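So you know, we letter chains A, B, ... as the sequences are listed, proteins then strands, and number each from 1. Since this is a predicted model, take the numbers as computed values, not measurements. What you see below is based on every heavy atom in this structure, not just the backbone, and it leaves out hydrogens, waters and symmetry mates.
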Protein chains: 2
Amino acid sequence: MPSDLRRPERTFAIRQLCLEFKVTPRALRFYEDKGLLAPARDGMNRVYNHRDRVRLQLILQGKRVGFSLNEIREILDLYDHNDGGAAQMARSLRKFRERILALRAQREDIDGAIHALEEGCVRLERQLSGLRPDLLPQAADYDSAMRSRLDAAE
Amino acid sequence: MPSDLRRPERTFAIRQLCLEFKVTPRALRFYEDKGLLAPARDGMNRVYNHRDRVRLQLILQGKRVGFSLNEIREILDLYDHNDGGAAQMARSLRKFRERILALRAQREDIDGAIHALEEGCVRLERQLSGLRPDLLPQAADYDSAMRSRLDAAE
DNA sequence: TCTCGCGTTTACGTCAACGTCAAACCTGGC
DNA sequence: GCCAGGTTTGACGTTGACGTAAACGCGAGA
């Protein structure tokens with residue numbers, strides 16, 4: 001009986017989701033307070049199903065890209081009951097496009113920041129190589145350290 | 001006497017910078033409290049010079065890409081007095097590279113979110129076009145509205 | 001002279017997103 | 001029967017980034 005994560009009838013205790021997604025129980029309960037999650041109950045205990053798990057994934061992705069919990073809730077709500085009429089769907093569509101534009105702008109900012117920092121790096125490397133070239137490899141180590149970390153993450 | 005914004009000797013009152021960058025005086029004073037700005041004084045009044053203006057631009061860009069004020073202060077400090085020794089410079093370099101990696105990761109997340117939202121848009125458009133195609137152009141208006149806004153910003 | 005409007009400082013308020021702690025509950029194992 | 005360990009619900013604490021209110025200074029204009 002290999003209980004697969006992808007089997008839709010599979011349920012999860014709070015602990016399991018916390019371990020899997022590296023969040024605290026407090027966070028999950030907080031999301032529930034705010035209306036982002038609504039797990040079932042077994043007696044007093046929360047029981048998360050496949051849909052709750054997906055929602056949690058979306059919540060965390062949303063947070064990573066800078067959405068507030070309120071915005072995330074809005075989006076989830078839109079996703080959920082856009083059977084609530086065509087007008088509702090049109091509003092969702094507008095919201096989504098708005099978000100896309102905002103995210104594109106944010107990406108531009110990030111690219112700008114990356115370029116600025118890269119220029120700063122070049123400047124520092126130039127100065128350091130003329131001053132104390134022995135200190136340079138330390139920084140270069142970082143890349144290989146990162147590469148191995150990325151490998152490990154895969 | 002056309003006082004050009006780019007002339008380095010040009011100075012600014014607090015309100016001018018506030019209007020230009022859409023921030024409140026409270027914010028500028030707050031940044032000063034936190035050591036991110038240090039404008040000169042004319043009596044009791046703050047006088048911002050060209051360098052302060054550039055720093056403010058950097059602060060706001062930093063905020064947009066998700067840096068905390070503390071992180072921004074660190075970066076500005078590093079930029080400022082990396083004459084504080086080669087070891088300091090090496091540390092700056094490491095910090096910069098760290099930041100670059102973090103920003104790249106953030107960009108990946110954003111790209112993911114954009115794709116997800118675009119898929120959502122496609123889905124909604126499909127459903128809407130079969131249901132109430134008359135509601136679609138409203139959303140499309142948004143693009144042209146944005147284009148004109150971008151034009152105005154230039 | 002008096003009042004505006006903008007500036008200043010100091011101090012407290014707020015909001016989001018949880019952390020932390022307490023007190024109670026259920027459950028399995030000894 | 002009882003204890004440890006995980007869960008529940010409050011309730012208060014915390015941090016960052018300001019907002020807001022009070023009280024005052026100061027030069028320009030009616």
Side-chain angles (χ1 to χ4, degrees), chain A residues 11-49 52-53 55-77 99 102 106 109 113, chain B residues 3 10-49 52-53 55-77 99 102 106 109 113:
Chain A
T11 65
F12 310 84
I14 193 170
R15 202 34 139 51
Q16 296 176 297
L17 284 188
C18 288
L19 288 176
E20 181 176 356
F21 294 108
K22 308 267 190 186
V23 294
T24 66
R26 180 69 182 96
L28 292 191
R29 290 192 269 267
F30 185 76
Y31 299 154
E32 187 174 343
D33 266 15
K34 297 293 167 179
L36 282 84
L37 289 175
R41 297 300 178 112
D42 171 18
M44 298 190 21
N45 291 15
R46 291 167 171 81
V47 178
Y48 298 86
N49 61 21
D52 295 319
R53 208 179 85 103
R55 285 176 75 93
L56 178 55
Q57 283 179 320
L58 291 175
I59 292 169
L60 298 179
Q61 186 188 9
K63 275 170 52 71
R64 277 198 303 276
V65 300
F67 287 102
S68 76
L69 291 187
N70 278 331
E71 292 172 315
I72 295 173
R73 184 172 40 70
E74 282 183 34
I75 293 178
L76 288 176
D77 287 356
R99 273 291 143 216
Q106 198 180 341
D109 276 342
Chain B
S3 58
R10 167 76 199 268
T11 65
F12 309 84
I14 192 169
R15 222 171 55 90
Q16 294 178 296
L17 285 187
C18 289
L19 288 176
E20 181 176 356
F21 294 107
K22 308 268 191 185
V23 294
T24 66
R26 179 71 182 96
L28 293 192
R29 289 192 271 264
F30 185 76
Y31 298 156
E32 187 174 342
D33 266 15
K34 297 294 167 180
L36 283 84
L37 289 175
R41 296 300 179 112
D42 171 18
M44 299 195 15
N45 291 14
R46 291 166 172 81
V47 178
Y48 298 85
N49 61 20
D52 295 320
R53 209 179 84 103
R55 286 176 74 94
L56 178 55
Q57 282 178 320
L58 291 175
I59 291 170
L60 298 179
Q61 186 188 9
K63 276 171 52 70
R64 278 197 302 274
V65 299
F67 289 101
S68 76
L69 291 188
N70 278 330
E71 292 172 316
I72 295 173
R73 184 172 39 70
E74 281 183 34
I75 294 178
L76 289 176
D77 287 356
R99 273 292 141 216
Q106 199 180 340
D109 276 341

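- Inter-residue side-chain proximity for A/Tyr48 and A/Leu28 is flagged as met; some heavy-atom pair is nearer than 4.5 Å.
- Spacing between atom CG of B/Leu36 and atom P of D/dC18 amounts to 10 Å, rounded to whole angstrom units.
- With rounding to whole Å, B/Leu28 atom CG is found 16 Å from C/dC6 atom P.
- Between B/Lys63 and B/Met44, the residue anchored closer to the 5' end of DNA chain D is B/Lys63, taking for each the nucleotide with the nearest heavy atom.
- Between A/Phe30 and B/Glu32, the one whose closest nucleotide on DNA chain C sits nearer the 5' end is B/Glu32.
- Distance CZ (B/Phe12) to P (C/dG7): 15 Å, rounded to an integer number of Å.
- Here B/Arg29 lies in heavy-atom contact (under 4.0 Å) with a base.
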Practice item. Might you work through the side-chain contact (heavy atoms from CB on, under 4.5 Å) test for A/Leu60 and A/Lys22, ending with a clear yes or no? Key: CA-CA 10 Å; A/Leu60 298 179; A/Lys22 308 267 190 186; over 6 Å; no
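- In this structure, A/Asp42 atom CG and C/dT27 atom C1' are separated by 12 Å, rounded to whole Å.
- Dashed line: the shortest gap from a side-chain N or O of B/Tyr31 to OP1 or OP2 of D/dA17 is not under 4.0 Å.
- Side chain of B/Arg55 to backbone of B/Leu36: a donor-acceptor contact under 3.5 angstrom is found.
- Atom CG in A/Asn70 sits about 6 Å away from atom P in C/dA16, given to the nearest Å.
- The side chain of B/Arg26 contributes no N or O atom lying less than 4.0 Å from OP1 or OP2 of C/dT8.
- Between atom CD1 of residue B/Ile59 and atom CG of residue B/Leu37 there is a gap of 4.0 Å, rounded to the nearest 0.5 Å.
- Remark: P of D/dA17 and NZ of B/Lys34 are 8 Å apart, rounded to the nearest angstrom.
- The side chain of A/Arg46 places no N or O atom within less than 4.0 Å of a non-bridging phosphate oxygen (OP1 or OP2) of D/dT7.
- Side-chain contact between A/Gln61 and A/Phe67 is absent, with no heavy atoms from C-beta onward closer than 4.5 Å.
- OP1 or OP2 of C/dG19 sits under 4.0 Å from a side-chain N or O of A/Thr24.
- Put simply, CG on B/Asp33 is 12 Å from P on D/dC18, counting in whole angstrom units.
- Rounded to an integer number of Å, the gap from B/Ile59 CD1 to D/dC18 C1' is 14 Å.
- Between B/Leu56 and B/Tyr31, the closest side-chain pair of non-hydrogen atoms falls below 4.5 Å.
- Test A/Arg41, A/Arg26, A/Arg73 against A/Glu32 for salt bridge (charged side-chain N to carboxylate O under 4.0 Å, His left out) and you get one pass: A/Arg41.
- Regarding contacts with the backbone of C/dT9, a side-chain N or O of B/Arg41 is found under 4.0 angstrom from either OP1 or OP2.
- Each end of the helix from C/dT1-D/dA30 to C/dC30-D/dG1 gets its own rotation axis from five pairs of C1' atoms, and the angle between them is 30° to the nearest 10 degrees.
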